[in-house]
Structures are given as structure tokens and as C-alpha cells.
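First up is the structure itself, then whatever we jot down about it.
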Protein chains: 2
Amino acid sequence: MNGELEKRLKRLLSCRSYKEEDVGRYLRELRRFAQEVGDEESFRKMERFFKALADSTRLRIIKMLENRELCVCEVMAALDLTQTNASYHLNMLERAGIVKKTRRGKWVFYSLVKPEVTRLIDQIS
Amino acid sequence: MNGELEKRLKRLLSCRSYKEEDVGRYLRELRRFAQEVGDEESFRKMERFFKALADSTRLRIIKMLENRELCVCEVMAALDLTQTNASYHLNMLERAGIVKKTRRGKWVFYSLVKPEVTRLIDQIS
DNA sequence: CATAACAACATATTTAAATCTATAGAAACG
DNA sequence: CGTTTCTATAGATTTAAATATGTTGTTATG
């Protein structure tokens with residue numbers, strides 16, 4: 001067990017009329033509490049989703065796609081990105097399940113999978 | 001002007017019965033469209049907010065704070081973090097306006113500023 | 001089927017975030 | 001007031017994301 005940490009908790013609990021021998025139990029309680037709020041897998045999933053939104057270029061792409069679908073070269077033109085960089089961001093959004101792509105001849109068009117995502121964005125701003 | 005890009009747009013538009021001389025106008029239209037969906041400042045703000053949520057440790061902290069406030073040493077204990085690392089993540093959340101801190105004697109307690117944030121998180125999972 | 005055009009991918013570089021180590025600041029307490 | 005305890009910050013290191021360069025895959029077209 002981590003002795004230093006237990007001492008620290010003991011001092012904290014002594015302000016709360018806890019008995020000294022309860023400290024070990026309190027530590028286990030805290031760790032169980034941390035487990036109970038959610039499993040690692042679902043937190044990882046949320047992390048990936050929020051990471052996809054944590055970039056102003058991608059947020060702007062999403063807001064544009066709210067109005068209409070765009071092909072890669074239109075995204076390049078609109079946001080002044082290199083072809084590779086535009087593809088990179090669109091791929092990030094696709095892997096997060098936010099956009100989907102449709103090939104039409106030589107062109108690949110991107111559109112929103114769930115338009116609800118823009119509601120979520122608008123809640124923030 | 002970016003000649004390569006204009007040629008690319010021209011070929012795209014030629015599939016849509018656009019006149020050739022409209023390509024320059026279409027490029028400007030795309031760029032204006034990109035501006036209209038939102039100003040850089042507000043996208044940067046959203047980016048900061050989503051960045052704060054884009055980490056599974058911080059998401060777990062938020063979910064714990066939904067139930068009750070915690071001091072730094074409790075966060076350390078619950079999530080098995082170093083003191084510095086716990087402070088770092090709590091500071092990130094504070095600067096994003098998600099949590100606030102209250103000093104009580106030697107201890108600093110953190111709590112949610114807007115509990116709505118957990119609704120937003122639950123929408124994802 | 002050879003070539004041109006659009007997009008994706010692989011790899012390297014740059015830039016930013018997360019973590020660690022060491023130290024400083026603030027409150028409590030003898 | 002000197003010491004201990006809790007938290008924050010500074011600086012260095014590690015790790016991951018964003019961007020750039022060069023190349024490949026895919027579709028259309030002469």
C-alpha cells in the first residue's frame with residue numbers, strides 16, 4: 001500500500017471525525033467510486049469523440065457540412081488547406097463517426113452522419 | 001491567386017453546368033461561406049472547451065465531481081495520480097470554466113461550475 | 001491502355017499536450 | 001517564527017497530434 005498517501009488521507013479525515021482505522025477503507029472506497037462512475041472503455045470512447053471536436057479547423061468543417069456536403073477540394077479551397085491536411089482532418093472526423101464519405105466519380109464528398117452534433121457544438125458557443 | 005486550386009475547382013464545376021468564368025467567384029464564395037459559419041475567436045473558445053473534455057482522466061474526474069466535491073489528495077488517491085499530475089488536470093478543467101476551487105484551510109476542494117456539463121458527456125456515451 | 005486528375009497513405013518534421021522531478025507558495029500549528 | 005503539510009508552478013522529458021513532402025491507389029478519359 002502507498003503509505004504516504006494513506007497518511008495524507010488520514011490527516012484529511014481527522015477533520016471529519018473519522019476513526020483512524022477507517023483510512024484504509026476510505027482509500028478503497030475512493031478507488032471504487034472512481035470505478036463506478038464509468039468503465040475505462042466508455043471513457044476512451046468519449047475521449048476520442050471529444051478529441052475530434054477539439055480542433056477549430058474540424059469544428060469549422062462540421063459547421064459547413066451542416067449546410068451542405070463538400071468534396072475534399074472544396075474544403076481545401078474554403079479553408080486554405082493542403083490536400084493532405086484536408087484529407088487528414090476529414091479522416092479524423094470519419095473515424096470519430098461524425099462524417100461519412102461518398103465517392104462520385106473522381107470526387108469524394110463528405111457529409112454529416114448525425115446532424116445532432118451541431119446542436120452539441122451550438123450549446124457551447 | 002492559387003492557379004492550381006482554381007483549375008481543380010473549374011473541373012469540379014464543369015460537372016455542374018457552371019460557366020468557366022464563374023470559377024473565381026465560386027472560390028470567393030467558398031471562402032466567404034467558411035467565414036460565415038463562425039468567427040475564429042468563437043471556434044478557438046469551443047476548441048479549448050472540447051480539449052478539456054478530450055481526456056479520459058479528466059472525464060472521470062468530472063463524473064466524480066457530479067456526485068460530490070473532492071480535494072486534490074482525494075483525486076490523487078481515487079485515480080492513482082501524482083500530486084502534480086492531479087493539479088495539472090484540475091487546473092485544465094478550471095481554465096476551461098468547468099470546475100471551480102475553494103480553499104478550506106490547507107485543503108483545496110474542487111467542484112463543478114455547471115453540472116450541465118455531465119449531461120453533455122452522457123449524451124455521448 | 002496510357003495518361004491525367006482526385007484523394008489517400010506513408011514517412012518525416014514540427015508543434016503541442018501529458019507526465020515527471022524539483023522547488024516555491026500558502027496555511028496551520030507547535 | 002520555524003517547521004510541517006497541502007497545493008501550485010517551473011523546467012525538463014516523454015508522448016501524441018498536426019502539418020508537410022513524397023508516393024500510391026482509383027477513377028475517368030483520350
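Note that the structure is a prediction, hence the values are computed from the model and not measured. Because only heavy atoms are used, hydrogens play no part in the values below, and waters and symmetry mates are left out as well, while side chains stay in.
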Between B:Thr82 and C:dC20, is there a side-chain N or O to OP1/OP2 distance below 4.0 Å?
yes
For the backbone of B:Arg60 and the side chain of B:Arg58, can you confirm whether one donor and one acceptor N or O come within less than 3.5 Å of each other?
no
Check whether any side-chain N or O of A:His89 sits under 4.0 Å from OP1 or OP2 of D:dT19, and answer yes or no.
yes
Please compare A:Lys51 and A:Met76 by the position of their nearest nucleotide in DNA chain C and report the one closer to 5'.
A:Met76
salt_bridge(B:Glu41, B:Arg44) N-O dist < 4.0 Å:
no
Does B:Glu29 pair with B:Arg25 as a salt bridge, N-O distance under 4.0 Å?
yes
Salt-bridge contact B:Lys63-B:Glu66 (side-chain N to carboxylate O under 4.0 Å):
yes
Distance check needed: C:dA27 P versus B:Lys106 NZ, whole Å only.
13 Å
Return the set of residues passing ring-ring contact (aromatic ring centres under 6.0 Å, His included) with A:Phe33 (not counting sequence neighbours), or none when no residue passes.
none
Under 4.0 Å between a side-chain N/O of A:Arg103 and OP1 or OP2 of D:dT26, yes or no?
no
What is the separation between atom NZ on B:Lys101 and atom P on C:dA27, rounded to the nearest whole Å?
11 Å
Counting the atoms with a prime plus P, OP1 and OP2 as sugar-phosphate, which does A:Asp55 contact under 4.0 Å by heavy atoms, base, sugar-phosphate, or nothing?
sugar-phosphate
Would you classify A:Lys10 as touching base, sugar-phosphate or nothing, given that sugar-phosphate means primed atoms plus P, OP1 and OP2, and contacts are heavy atoms under 4.0 Å?
nothing
Would A:Met92 and A:Ile98 satisfy side chain to side chain contact (heavy atoms under 4.5 Å, CB included), going step by step from the backbone distance to the final call?
CA-CA 9 Å; A:Met92 291 285 286; A:Ile98 295 170; over 6 Å; no
Which nucleotide in the list C:dC6, C:dT19, D:dA8 gets nearest to the side chain of B:Gln83?
D:dA8
Between A:Glu47 and A:Lys51, does at least one N-O distance fall below 4.0 Å, as a salt bridge requires?
yes
Which nucleotide in C:dA5, D:dA8, D:dT19 has an atom nearest any side-chain atom of A:Tyr88:
D:dT19
Measuring from the side chain of B:Cys73 (C-beta onward, heavy atoms only), which nucleotide among D:dT27, C:dA7, D:dT7 has the closest atom?
D:dT7
Flag the pair B:Lys45 and B:Asp39 as a salt bridge only when some basic side-chain nitrogen lies within less than 4.0 angstrom of an acidic carboxylate oxygen.
no
Rounded distance in Å - CZ (A:Phe50) to C1' (D:dA16)
20 Å
I need the CD-P distance between A:Glu94 and C:dA7, as an integer number of Å.
14 Å
DNA chain C: 5'-proximal contact among A:Thr84 and A:Trp107 (nearest heavy atom)
A:Trp107
Considering the terminal five base pairs at each end of the helix from C:dC1-D:dG30 to C:dG30-D:dC1, what angle separates the two local helix axes, rounded to 10°?
10°
Does a donor on one side chain and an acceptor on the other come within less than 3.5 Å for A:Tyr26 and B:Glu74?
yes
In whole Å, what is the span from the CG atom of A:Leu12 to the P atom of D:dT7?
8 Å
Distance check needed: C:dA18 P versus B:Leu53 CG, whole Å only.
12 Å
Determine the contact category for A:Tyr110: base if any of its heavy atoms lies under 4.0 Å from a base atom, sugar-phosphate if only primed atoms, P, OP1 or OP2 are that close, otherwise nothing.
sugar-phosphate
What's B:Arg58 touching, base or sugar-phosphate or nothing? Going by heavy atoms closer than 4.0 Å.
sugar-phosphate
Checking D:dT7, C:dA7, C:dA8 against the side chain of B:Arg8 (C-beta onward), the nearest is C:dA7
Per nearest nucleotide of DNA chain D, the residue lying toward the 5' end, A:Arg104 or A:Thr57, is A:Thr57
If you check every side-chain atom of A:Val72, which of C:dA18, C:dA5, C:dA8 has the closest atom?
C:dA8
Once you round it to whole Å, what is the distance between P of D:dT19 and CG of A:Leu81?
8 Å
Expressed in angstrom and rounded to an integer, what is the separation of A:Asn85 atom CG from D:dT19 atom C1'?
6 Å
Given that A:Ala54 and B:Val108 both sit by DNA chain D, which one's nearest nucleotide is further toward the 5' end?
B:Val108
